[in-house]
Number of protein chains: 4
Amino acid sequence: MIIIMESGATKKQVSKVINRVKDIGLDVQVNQGKEQIVLGLLGDTRKVQDIAFHSYEGVETTIRITNTYKLTSRQFHPQDTVVDLDGVKIGDGNFVTMAGPCSVEGLEQIRKTAQMAKAGGAKILRGGAFKPRTSPYAFQGLEEEGLKYLRQAADEFGLKVITEVMDENHIDLVAQYSDILQIGARNMQNFKLLTAVGKTAKPIGLKRGISGTIDEWLNAAEYVAVSGKSPVIFIERGIRTFENATRNTFDLSAVPLIKKLSHFPIIVDPSHGTGVWDLVPPMARAGVAAGADGMIVEIHPDPENAWSDGQQSLNDKTYQKMMQEIQILSSAMKEISSLQELTVRR
Amino acid sequence: MIIIMESGATKKQVSKVINRVKDIGLDVQVNQGKEQIVLGLLGDTRKVQDIAFHSYEGVETTIRITNTYKLTSRQFHPQDTVVDLDGVKIGDGNFVTMAGPCSVEGLEQIRKTAQMAKAGGAKILRGGAFKPRTSPYAFQGLEEEGLKYLRQAADEFGLKVITEVMDENHIDLVAQYSDILQIGARNMQNFKLLTAVGKTAKPIGLKRGISGTIDEWLNAAEYVAVSGKSPVIFIERGIRTFENATRNTFDLSAVPLIKKLSHFPIIVDPSHGTGVWDLVPPMARAGVAAGADGMIVEIHPDPENAWSDGQQSLNDKTYQKMMQEIQILSSAMKEISSLQELTVRR
Amino acid sequence: MIIIMESGATKKQVSKVINRVKDIGLDVQVNQGKEQIVLGLLGDTRKVQDIAFHSYEGVETTIRITNTYKLTSRQFHPQDTVVDLDGVKIGDGNFVTMAGPCSVEGLEQIRKTAQMAKAGGAKILRGGAFKPRTSPYAFQGLEEEGLKYLRQAADEFGLKVITEVMDENHIDLVAQYSDILQIGARNMQNFKLLTAVGKTAKPIGLKRGISGTIDEWLNAAEYVAVSGKSPVIFIERGIRTFENATRNTFDLSAVPLIKKLSHFPIIVDPSHGTGVWDLVPPMARAGVAAGADGMIVEIHPDPENAWSDGQQSLNDKTYQKMMQEIQILSSAMKEISSLQELTVRR
Amino acid sequence: MIIIMESGATKKQVSKVINRVKDIGLDVQVNQGKEQIVLGLLGDTRKVQDIAFHSYEGVETTIRITNTYKLTSRQFHPQDTVVDLDGVKIGDGNFVTMAGPCSVEGLEQIRKTAQMAKAGGAKILRGGAFKPRTSPYAFQGLEEEGLKYLRQAADEFGLKVITEVMDENHIDLVAQYSDILQIGARNMQNFKLLTAVGKTAKPIGLKRGISGTIDEWLNAAEYVAVSGKSPVIFIERGIRTFENATRNTFDLSAVPLIKKLSHFPIIVDPSHGTGVWDLVPPMARAGVAAGADGMIVEIHPDPENAWSDGQQSLNDKTYQKMMQEIQILSSAMKEISSLQELTVRR
């Protein structure tokens, strides 16, 4: 941490800050600039993140240098973490597809969707049983019944399952049916829930918050990581910006950025990232090319009659076509990987 | 709801949409424009909010006209709702101050703060016992011990209590000690929590989400309203924007806008709205002038040694000065109210 | 400026950076932290703002400490600058109102508006003759004819004039008719235009850009300030955010913040800040209470038939009512100022 | 356009609106809903975009349906526009690279960069001679001298030229040296400049504004299109959001969206889109996969000593490597195109 004093700060004001820092057990290096004194704090500055040096007289501003997350950072854990669900691997260099409807609507609907998903090459079935909805009058999900149908359909077609858990009290229930527990965008900073799911040892699909910064997202992952052994799968799903031609602004730069800062895998969600079905295939392709470890995508046998998110769901024809494209681009990416070094230092 | 067909939509495509609408029991009025057909849906369109007309062939876009909230809307309930805590009223035309530290740090700290708060004219004591923190390594609150100290200090100085509840499983505990249950910004769309607190009959202080739209905020209030009898107190605390000279962008327009759309009171939080202590008094004054029903503000007997949020907390001197200013502006606002009608129609 | 090296940076990498800094004539102080080396640059770091230390091997990041603006900063010029237009003063502690239509539509319309403006207590008449419009098919202004009408109407009622100049080639023309030259939000970073208007010696009303940060705004003012003697009047008019219930998000925190960082006056524009006529009076009141030096507001004798921005324009009745309110709050603010010190240090 | 009346609107209020619409020569269709009357306007509603129906008594809101741009829209001009610079084509299905330094710094620097650019397969040389800079004290470009060096270097290596024009008065000068005239992000809504460059008949590289919406961008292109024959090349360069881990948020969804709405080509700028050199190659790859017609990228023979934007510039090694990757992905995209139809209707 660096503390920048005001240009007119007195000696007494500077001493007061220095003494406080030393009290905590850190060292201070004093830089006497031409305009301002700048203090560099040496040691584990995680200890001082709660101290309001800002509010000391004579202090202009403070700058944090060290990250507040650790278990999540690549610096701490240089090798890629690969999530392994009985052989279905996420983060091993292959592009994994998770596909399924927004909501589980019934057994027949989820069975048909699972069949579609499988045919296209997806390995994991998605589907909502507990749905977070802006309005209390919107469909809230089939709950446990939905979980059962989802598991049954996945098992029939040899797929793994990912589904959202919204409530600490439902973790055990959802964990019984699902291979990956998904934390939705609205819960990225529901710290109690993060702590609780971290104790299950199941992989956690952590969606980026609607206005979650990269730094907050990494810290949210840290809540999971410190509470147990669950690996995290980051899911980029778009952020809220001024642009409303799309449902969200799909921030694909997050893919190489998270890969630089963390060892956990990252997948993309072009359905929520754009909100419009015909933008999904190009953005899925872009996700492959950006280096994502996979994607999660909404498909439906009959989007026009979907109970939710129909406008961003692919039907069988468009989904199968997209999967062919993904296949071609994945091969191209393998070829690129085999060029000696993917990110050379200039 | 209005459905706009593409300029090249076929008769068959139009019929398909119309038939679907009629199946649900709504009427349709067909407008044959020069370029496009536009369908107007007549009836309670809350029924169709989940149907993906977007995904029908030939449909260009759909536009929702009716709000999805009802109990929260002023249209449904024209008179102002006044929250009454044994005589401390919020929404009756007076400006009520809630003041206190970010975190309860111990009995002595909260007693001193309560004394300060009272001296300045605050009626309600704030203080966090359960703290939502970006990093798992930051101070998380004194929990039940903090609640006890908070209640004890409030009682000693004749104050009411507001404090945050983060977790469905702590509602009973927090409700035992607090007069108002606060839902934090990160939980504005934690729908399970909203539903659960709505059942307590305690007033709910509902902070606006970090990127919560006015419409989402009103819908979040609706979750509380439909689940029981708890009145809502909206708390504007700034939204996340590109500007980072302040912690958040304090959106004071929300005050007259919420008052137009809803009957529940709204207060402002200039501490989180700005994040910088010396911007707090001018923004508190602006809140009074905008017509807010009150404010919630962070104060601390010794901000330099606060365990959290010290940089945005007022000390005794600055707080007392601000309260004098608020007093003067509140009187001016009374004078303004007595001009015949505050918002005349042009 | 501070340069933070990566935790694994080599001695050679560190030396390379240090040597580059010394070549430019600055001193360096080296802080050997436990994890990372941090270099503090001492001297006038404005010299190094274009050097890409980011791109040096072993450098993690760089942090700028000193502002890049100087003539605009309060540090350089501690006293308030008061703009004086033959006795109409902006920045002397009084709240000045500039009022008028979005567009000058004809002589009669602007005369009627000037009369309204004057009756309410405005000192300055606003009105667009050159209009920046999103669509090329929208009304673009009466141009020179409009300027003539504007001046004539202002003179008749003893008002000063503010109007926008969009084009370097029209500066002389506009300066002939207007007392203040306004730079619109879309031109906040039209650096050629800023430089050119700075040479006129007329006061420049500098609107904040649609997504202009406080720092960029101050730097834009610096372009004006370095090119001549024109004082700047900052105009806060709202910024673009995700919220679309209002036309913009009106950032009133900018008022105390700009007053802290700069000596130039700042006024507010609640018409563009909200975009909705019935939100204008409460936000104008809030502007007074936040400490603004004045406001610019859209009024029209017949908003329903205005050629542009009718939805955010006040009619005679609502405008006169608002001006009464402003009067009452201005008196309250005088009383507050007379309390010994407005911003005491805690 | 659709006008939605308030639920309590009177007959007289409704008639007043209807009469106004008919006065302009449009037809109205009246929908009597259960809660509200909704008026549909039939005819060319471009005529009414300036009328403030919002401000009529009894009107709740208005909704625009028809776009305000026409020459730019694909509806009006279904075939792709291909820009042809003596055989170098943009928009014909190939991915074209424009590469070069942020600023032209001298003849040797731009010659070396042109050689690099050519070796990697770029067809067009970029380089700034007039530079828009946030601070007036930053390097502002070599101006005409820079243009000469740029042209000379391009000619030597058989490249075309793109460079920015910031000022109406420099258009002739810049057009003498450059094949494409670039309009920078800060000038996307400098309507005078757009109109003026549109008269040159040169292709216009139109960068998206820092906070430009897709709709505003298309309207800005319309200013160019209506004023002459210049084709537009859209350049997505990232938008301003709350996220500051990257310089901008690179909005790749704009690629398929612009291709859907307009016939003009679109290229991407991963250098400004991310602001960090090691994020440039993955985002360039993503641009190819999203279907962009090309890219513009910053390269420098010695980024550490670049006069501007060094931190986001690629050196020779990283650039050549990226171009190999682009080559591989472009081939993959050709293969994808040859699958019968790229965007099938579901």
Side-chain angles (χ1 to χ4, degrees), chain A residues 211-215 238-246 248-257 259-261 270 273-274 276-279 281-291 303 314-319 321 324-325 328-329 331-333 335-336 339-346, chain D residues 211-215 238-246 249-257 259-261 270 273-274 276-279 281-291 303 313-319 321 324-325 328-329 331-333 335-336 339-346:
Chain A
S211 64
T213 63
I214 296 289
D215 188 66
I239 55 175
R240 179 162 284 177
T241 72
F242 64 83
E243 179 59 75
N244 53 27
T246 42
N248 291 294
T249 296
F250 194 35
D251 181 14
L252 278 177
S253 307
V255 173
L257 198 51
K259 286 201 139 334
K260 186 161 77 174
L261 298 172
T274 64
V276 190
W277 73 267
D278 60 0
L279 301 180
M283 287 303 102
R285 296 193 311 253
V288 176
L314 298 178
N315 65 9
D316 193 28
K317 192 170 153 196
T318 47
Y319 166 67
K321 173 116 187 5
Q324 279 185 280
E325 299 177 10
I328 292 168
L329 283 170
S331 300
M333 285 298 286
E335 193 181 336
I336 284 171
L339 302 176
Q340 284 103 328
E341 349 144 48
L342 193 59
T343 45
V344 289
R345 181 74 198 182
R346 335 178 258 192
Chain D
S211 65
T213 62
I214 296 288
D215 188 66
I239 55 175
R240 179 162 285 177
T241 73
F242 64 82
E243 178 59 74
N244 53 28
T246 43
T249 296
F250 195 34
D251 181 14
L252 277 177
S253 307
V255 173
L257 197 51
K259 286 201 139 334
K260 185 161 77 172
L261 298 172
T274 63
V276 190
W277 74 267
D278 59 0
L279 301 181
M283 287 303 103
R285 296 192 312 252
V288 176
S313 298
L314 299 178
N315 66 9
D316 193 29
K317 193 170 155 195
T318 47
Y319 166 66
K321 173 111 186 9
Q324 279 185 281
E325 299 176 10
I328 292 167
L329 284 170
S331 301
M333 286 297 285
E335 192 182 338
I336 285 171
L339 304 176
Q340 284 102 328
E341 349 143 48
L342 191 60
T343 46
V344 289
R345 182 74 199 181
R346 339 179 252 191

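Note on naming: letters A, B, ... go to the chains in the order of the sequence lines (proteins, then strands), and numbering restarts at 1 for each one. Scope of the values below: all heavy atoms of this structure, side chains included, with no hydrogens, waters or symmetry mates.
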(request) Identify, with sequence neighbours excluded, every residue that meets side chain to side chain donor-acceptor pair (under 3.5 Å) alongside A:T274. (result)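 A:T274 satisfies side chain to side chain donor-acceptor pair (under 3.5 Å) with no residue once adjacent residues are dropped.
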Do [X] and [Y] come close enough that some side-chain heavy atom pair is under 4.5 Å?
X      : Y      : value
A:L339 : D:I328 : yes
D:W277 : D:N315 : no
A:V276 : D:K260 : yes

(message) So for A:T241, is it side chain, backbone, both, or neither that comes closer than 4.5 Å to the heavy atoms of chain D?
(response)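 Contact with chain D involves the side chain of A:T241 alone.
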(request) Name the option with the most non-hydrogen atom pairs under 4.5 Å to chain D; the candidates are A:G287, A:A245, A:A290. (result)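 The candidate making the most pairs under 4.5 Å is A:A290.
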(request) Name the option with the most non-hydrogen atom pairs under 4.5 Å to chain D; the candidates are A:A284, A:G273, A:G212, A:A254. (result)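 Counting heavy-atom pairs under 4.5 Å, the top option is A:G212.
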(request) Considering only heavy atoms and a distance below 4.5 Å, find which of D:L261, D:V255, D:T246, D:L252 pairs most often with chain A. (result)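 So the answer, after comparing D:L261, D:V255, D:T246, D:L252, is D:L252.
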